[in-house]
Every structure is written in structure tokens, then in C-alpha cells.
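Taking it in order: structure first as C-alpha cells, then the write-up.
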Protein chains: 2
Amino acid sequence: MKKRVYDDACGTAHALELIGDRWALLVIRELLLGPKRFSDLRTGLPGISANVLTQRLEELEENGIVVRRELPPPASAKVYALTPWGLEAEELVKVVGKWAARSPSHDPSLPLSVSSAVMSMRTMFSAQRAKGISGTIGFRFGREEFLARFDNGKFEIARGDIAKADAQVEGDQQAWAGAVYGGVPLKGLEKSGALKIAGDRRLVERVLTVFPLPAKAEAP
Amino acid sequence: MKKRVYDDACGTAHALELIGDRWALLVIRELLLGPKRFSDLRTGLPGISANVLTQRLEELEENGIVVRRELPPPASAKVYALTPWGLEAEELVKVVGKWAARSPSHDPSLPLSVSSAVMSMRTMFSAQRAKGISGTIGFRFGREEFLARFDNGKFEIARGDIAKADAQVEGDQQAWAGAVYGGVPLKGLEKSGALKIAGDRRLVERVLTVFPLPAKAEAP
DNA sequence: CGGCATCCGGGAAGATACTG
DNA sequence: CAGTATCTTCCCGGATGCCG
């Protein structure tokens, strides 16, 4: 009859009732960069089964975090989007991710979704490191396109048109993550075909330095 | 054989493998203000069963978030404490709690542990509102004592000796929360015996205004 | 009494197949 | 493509009992 509740007035406990179920926070992560369809969510969440995704979306909708929208004809597709309040969970996702990046057991070689790769840049961006860097870079990962704007210590990245950017990066988001976080040289990634770079190549090289990973926590 | 994993390089996903299990984040919340014994954890987490708490503590220990310490004789008791990295999860707990406080479905009348009440002050403190307020207040909730120090827009609260504080508040942490967040008048709480206030009463009254709750998110 | 181990029932998550 | 239906597995919660 009654769901599993924490029976606790603490806000943190209430958050767990809202988004504490398995996969829930990752569904939110996938939607932070804009609305998605059911199948797009599945490709961003390898391992989730359809029935669980259905259930999470229902619960998130009941809780006022997600809305289901019907696109106007002729598209007529259903998409899931975050409510304004749901969108505010971006801060939460970033803080949680930044904390866990210090985990000694974190394995960065696992698969990485497109949304994760883009959100990781938002998370790890260092205004300090980006002083003096300005310009725009367009990213195409799979068939998703994002426009990043660097402006002397400021940084934005969102879905957008990549054509007019100063530089373009196309290919596999994991390869890009390897360059940014793993120090993998761009040359090799281009040679293997994992990435293609066009335009202001020097801008791309400089940008690789503005997303520093936090130091690992050590075993006590 | 293999645990349930997300198989996802994203830091947020890794966090869920570390602290995504039921109760795990609340165990951390209970330890943020200092080490605790097994039974103290249980009283702060009404509803958790002993075996689940045991399991969560083991997993948190394996993950480098919690350490188990043996107190020197004659106490010889075991306590659980956060590692330095585990302590860094405070930011996470606060951001999560602050986000969820905007939930329309949040019910503040539920039980509230001592740690929750103190952490909620750390979470909701507004430096803006506290400009011009200075002084110390000692809290005794149950048999736990905390010293709060206000200093013209700065605020700290931690376990400490309440004797020398400018004011003392003793009694039920839920009553205090009602005064701070629910606007319940102190007079009534004193009359009913839920709280006792000593010392600089005016300081206590002023402090009630420096922990504003965020506005509720509205249904879309 | 504190810190577990063990057993059991219910329910959530996972995998797969199937339907409109 | 966007889910439902079904079956299995395993986690959570509650009770009990052991052992220092």
C-alpha cells in the first residue's frame, strides 16, 4: 500500500524520495540539455530497461520535475522535458558529479553519453584557466550539435548551430573526453578517425586545458 | 555475481554507485557533524533497520567515505566517522536539500533528527540577512550540544560547549525548526515546554530571520 | 546493550518478448 | 518508435538470535 518513504522532514531525505530511485538522476542528466524522446533517453542510458524508464518518467512527472509534451504535427512525436524547477537540478547534478570525480574507484574508461560529455564540461570548467581564451567551438557528437562560447573566463555550451563557430569538432564524445580529461593528443584521435577538427585548431588546443579534473581523494 | 552498476563514466553515475543506495546519503548526513555510534545513527534515522545500516556502513567504508574507529579504553566503543573526502559531501547534501526544499510536496511536519535540524541551518543560512548580527548561541537538542557563532554575515555551527554562549536554546529540535522555518512564536514554544531560552533573548529572536526558506516551485 | 549474522516476505529492478 | 507484459533476480525491510 504505502510506498517506501523516509518519514523525515529533512530536505535531503525529501530529495531522495523525489529523485532517489535508481536511474532517476541520470534521466534528469540526460534532459538537462533539452527535451528528448523516449528512445534517445534509452541510448543515453545504456542498461536501463524500457519499463524502468517508463516508470521513472511517470514518477518524475508526478513530482513536477518532468513534463511530457506532444510535438505539433507533422512531427507528432512525444518528448520529455524538464520543468523550470527540474532544470534547477543542474546545480545538483554538477556538485554530485564533481564530488564523485575525486573517487579513487572512478573508472573514466566506461561508456560516456553525449549529454554526460557536455555536462562534464559545464561541471569541470575553470574560469581561472580560461582567462584570455575567447571564441566559439561547435561540437557534433553523433547527430547532436552543441555550440560552446568562450569569453575570457566565461563559458556557455548548449544545443546550437555549429556552422558559424570559429572551430568545429566532430566525432566521438568519448574521444573528446579522452583529449580533455585524459591528455590524449588530438593528432592521434584525428588519425584514428575518432575526431575531426576544422577551423581554428589552436583555439581547440587551448580549450583542452580549461577543464581540470579534481585531485583524487586518498585512502585514509 | 556482479553488482548492479550503471556502466557509465559520468561522475554523476559514479556517485550513484557510491552513495545511491537507499539511506546512504542520510547516513552521511548524520555523520557530517561528527562521529557517531551505531545506535546514535539509528535514532537519527528512524525507520532504518539494523542490517541495512550495517550494510550501508560497510559499503561506505569500502568506498573510502566512512571509517570505523575504536575509541581508546575505557570507552572502547566503536564509532563511525567520515573521511576527509566523505566530509566534502557536505556541499552535496546541502545543494540537494536546498533544491528539494522547493518541492511542492515537501512536508515539514515530519520528524526531524538533530543532525538534520543543525544541517538545515547550515544549508539555509543567508549571509545577506545576517548582516549586523553578531554573537554566539548554544543549542542543546536532546543530549547533543552545538555552538553557533554569528559574526556580521558569517555563520558557523558545530559541536561545542554551550555554557559560555551569549544565549542558550534547549529543548526539541523540531520546535526550533518550527520557529525558524514555520514562524511559530517562541513564546508559545516556551510555554508548552518545547524550548527553553536563556541569556540574550533578543539575539535569538533576530537569528530566527536569517534562515529563509526558498520559494516553492509551482506546478507547470 | 552494541554490533552484527541469518532467514523470510514483498516489491523494485533487470531482461526479454510482444503490441499498437 | 514508444511503450506494455511477463518472468526472474535481488534488494530492502522486519524479526529473530548470537556473541562479545
Side-chain angles (χ1 to χ4, degrees), chain A residues 1-8 13 16-27 30-31 35-63 66-81 111 142-143, chain B residues 1-8 13 16-27 30-31 35-63 66-81 143:
Chain A
M1 291 298 102
K2 60 178 177 187
K3 264 179 56 186
R4 265 129 90 143
V5 289
Y6 288 103
D7 198 41
D8 190 322
L16 295 178
E17 293 179 347
L18 296 171
I19 57 171
D21 282 341
R22 198 161 157 74
W23 294 105
L25 194 57
L26 300 186
V27 171
E30 288 296 309
L31 292 176
K36 285 195 175 183
R37 320 204 342 207
F38 192 89
S39 55
D40 295 328
L41 286 169
R42 289 194 73 177
T43 67
L45 299 170
I48 198 173
S49 55
N51 52 6
V52 172
L53 178 55
T54 300
Q55 197 179 323
R56 282 308 96 87
L57 287 169
E58 279 170 3
E59 293 160 356
L60 289 171
E61 193 174 10
E62 279 170 24
N63 290 332
V66 160
V67 283
R68 181 197 320 240
R69 288 210 216 102
E70 191 98 18
L71 290 188
S76 280
K78 285 169 217 147
V79 296
Y80 296 89
R143 68 178 56 75
Chain B
M1 292 301 100
K2 60 177 178 189
K3 265 179 54 187
R4 277 178 192 174
V5 289
Y6 288 103
D7 198 40
D8 191 321
L16 294 178
E17 294 179 345
L18 295 171
I19 56 171
D21 281 343
R22 198 162 156 76
W23 294 105
L25 193 57
L26 300 186
V27 171
E30 288 296 311
L31 293 176
K36 285 196 174 183
R37 324 218 316 219
F38 192 88
S39 55
D40 296 327
L41 286 168
R42 289 195 73 178
T43 66
L45 299 169
I48 198 173
S49 54
N51 51 5
V52 171
L53 179 54
T54 299
Q55 197 179 321
R56 282 309 96 87
L57 288 169
E58 278 171 3
E59 292 160 356
L60 290 170
E61 192 174 11
E62 281 170 23
N63 291 331
V66 160
V67 283
R68 180 196 323 239
R69 289 211 215 102
E70 192 98 19
L71 289 188
S76 281
K78 285 171 215 147
V79 295
Y80 297 88
R143 69 178 55 74

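Chain letters run A, B, ... following the sequence lines, proteins first, then strands; residues in each count from 1.
- Within the 4.0 Å cut-off from OP1 or OP2 of D/dG3, not a single side-chain nitrogen or oxygen of A/R42 is found.
- Contact check for B/I19 versus B/L60: side-chain heavy atoms found under the 4.5 Å cut-off.
- Not counting sequence neighbours, B/E62 has no partner by the salt bridge (Lys or Arg N to Asp or Glu O under 4.0 Å) test.
- Listed candidates were D/dG14, C/dG3, C/dA13. Nearest to the side chain of A/D21 is C/dA13.
- Comparing the helix axis at one end of the helix from C/dC1-D/dG20 to C/dG20-D/dC1 with that at the other, each defined from 5 consecutive pairs, gives an inter-axis angle of 30° (nearest 10°).
- For B/E17 and D/dC11, the CD to P distance is 13 Å, given to the nearest whole Å.
- With hydrogens and angles left out, the side-chain atoms of B/Y80 and B/R69 include no donor and acceptor closer than 3.5 Å.
- Annotation: cation-pi geometry satisfied between A/R22 and B/Y6 (NZ/CZ under 6.0 angstrom from ring centroid, within 45° of ring axis).
- In this model, the phosphate group of C/dG2 is approached by a side-chain N or O of B/S39 to a distance below 4.0 Å at OP1 or OP2.
- Evaluation of atom-type donor-acceptor distances gives no pair under 3.5 Å for the side chain of A/N51 against the base of D/dG3.
- Comparing A/Y6 and A/R68 by the nucleotide of DNA chain D whose heavy atom lies nearest to each, the residue mapping closer to the 5' end is A/R68.
- Within a heavy-atom distance below 4.0 Å of DNA chain C, the residues of residues 52-63 of chain A found are A/V52, A/Q55, A/R56.
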